[in-house]
Amino acid sequence: MSSASGTTSASSASSASPASPASSASSRKLSRPARRALLVVHVVASASWLGLTLGLLALGITAGSTGAAVTVEASVRAMKLFADWLLLPVAFLTLVSGLVLALGTQWGLARHRWVYVKFWVTLATTTATVFALRPGVNSAVGAVAAGGPLPDAGDVLFGPIVSLSAYVFMAVISILKPWGLTRRGRRLRAASARPRRGAGEAARQAA
């Protein structure tokens, strides 16, 4: 009789105890189909961003190295088309899908250093696209459309080079997953390990 009441009180106490941060976080995870679909979107958007960056770099090299005014104008106008209508939506889609994946899976946004660094590099690259790459391309298009030469090859080369370097860096850390857990990640791992240790001790005592 006493063992039964002890079991009942233990179970009621465990049900009444507050949920740990790890268990409450796990309840917010994406379902398997949603995670897979979002992963496909993220990979396709990232690959599209890489392709657009390589295209912009090729067009920038062409505009900066050729002496034909017609070729220069065609190259910078194509760069403007890519930057205005394709690059920004793809960059924002990559950023948002990566953020949702981080928050909706076991990786988290601030648990692993490589995820944290990748998010901030993606955000910085997207911001640079808005405030540096596009204005540089637009100024080049304005100068060439007015009949003048390309003012500075750096206006059409610097942005794609920085974007490509950032993409390669993010691809490398996504594969290698370096640097381990953040302080928050270590704290959450320790918090999730405590209930498991308590359950194991209770099982050994019951045996």
Side-chain angles (χ1 to χ4, degrees), residues 1-50 53 88-130 162-207:
M1 180 68 180
S2 61
S3 61
S5 61
T7 304
T8 304
S9 61
S11 61
S12 61
S14 62
S15 62
S17 60
S20 65
S23 62
S24 61
S26 63
S27 64
R28 297 193 298 267
K29 300 306 179 189
L30 293 169
S31 64
R32 186 183 181 91
R35 185 174 68 250
R36 286 184 168 182
L38 196 59
L39 181 60
V40 170
V41 171
H42 182 67
V43 170
V44 170
S46 300
S48 301
W49 194 357
L50 174 61
T53 301
L88 276 182
V90 167
F92 280 119
L93 182 59
T94 303
L95 177 65
V96 172
S97 60
L99 179 62
V100 176
L101 274 175
L103 295 175
T105 63
Q106 76 276 8
W107 292 108
L109 181 61
R111 295 183 185 181
H112 299 263
R113 287 191 176 94
W114 74 270
V115 177
Y116 196 62
V117 170
K118 184 181 177 182
F119 168 74
W120 285 108
V121 172
T122 305
L123 181 60
T125 307
T126 304
T127 304
T129 298
V130 176
V162 171
S163 182
L164 180 60
S165 302
Y167 186 92
V168 171
F169 172 74
M170 289 186 288
V172 170
I173 65 174
S174 296
I175 295 171
L176 300 181
K177 299 176 175 56
W179 308 317
L181 294 171
T182 62
R183 183 179 301 175
R184 172 181 168 82
R186 290 193 298 269
R187 187 168 62 248
L188 289 174
R189 176 173 289 184
S192 64
R194 280 196 293 269
R196 289 197 297 267
R197 287 199 299 267
E201 292 174 359
R204 285 194 298 271
Q205 291 174 0

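- Formation of a donor-acceptor pair under 3.5 Å by the Arg111 side chain with backbone atoms of Gln106 is found in this model.
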Apply side-chain contact (heavy atoms from CB on, under 4.5 Å) to the pair Trp120 and Leu123, showing each step before the final yes or no.
-> CA-CA 5 Å; Trp120 285 108; Leu123 181 60; 3.4 Å; yes
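- Taking both residues in full, the closest heavy atoms of Val115 and Leu109 are given as CG1-O, 4.0 Å, listed atom of the first, atom of the second, then distance.
- For the side-chain contact (heavy atoms from CB on, under 4.5 Å) test with Thr182, the passing option among His112, Arg113, Arg187 is Arg113; the others fail.
- The two residues Ser163 and Trp49 make their nearest non-hydrogen contact at OG-NE1, 3.6 Å.
- Counting all heavy atoms, side chain and backbone alike, Leu95 lies closest to Thr122 at CD1-CG2, 3.8 Å.
- Sparse packing is recorded around OH of Tyr116, with 12 or fewer heavy atoms of other residues, nucleotides or ligands lying under 6.0 Å away.
- A donor-acceptor contact shorter than 3.5 Å is absent between the side chain of Lys29 and the backbone of Gly104.
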Which atom pairs, donor and acceptor, lie under 3.5 Å between side-chain atoms of residues 169-179 and protein residues at least two apart or in another chain?
from: Ser174; atom 1: OG; to: Lys118; atom 2: NZ; distance (Å): 2.9
from: Ser174; atom 1: OG; to: Met170; atom 2: O; distance (Å): 2.8
from: Lys177; atom 1: NZ; to: Ser174; atom 2: O; distance (Å): 2.7

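- For the residue pair Val41 and Ser97, the shortest heavy atom distance occurs at CG1-CB, 4.4 Å.
- Closest approach of Thr125 to Ala166, counting heavy atoms only: OG1-CB, 3.4 Å.
- Around the CZ atom of Arg186, the shell of radius 6.0 Å holds more than 12 heavy atoms that belong to other residues, nucleotides or ligands.
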Can His42 and Leu38 be said to form a side-chain contact (heavy atoms from CB on, under 4.5 Å), step by step?
-> CA-CA 6 Å; His42 182 67; Leu38 196 59; 5.8 Å; no
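- The line from CZ of Arg35 to CG of Leu39 is 9.0 Å long, rounded to the nearest 0.5 Å.
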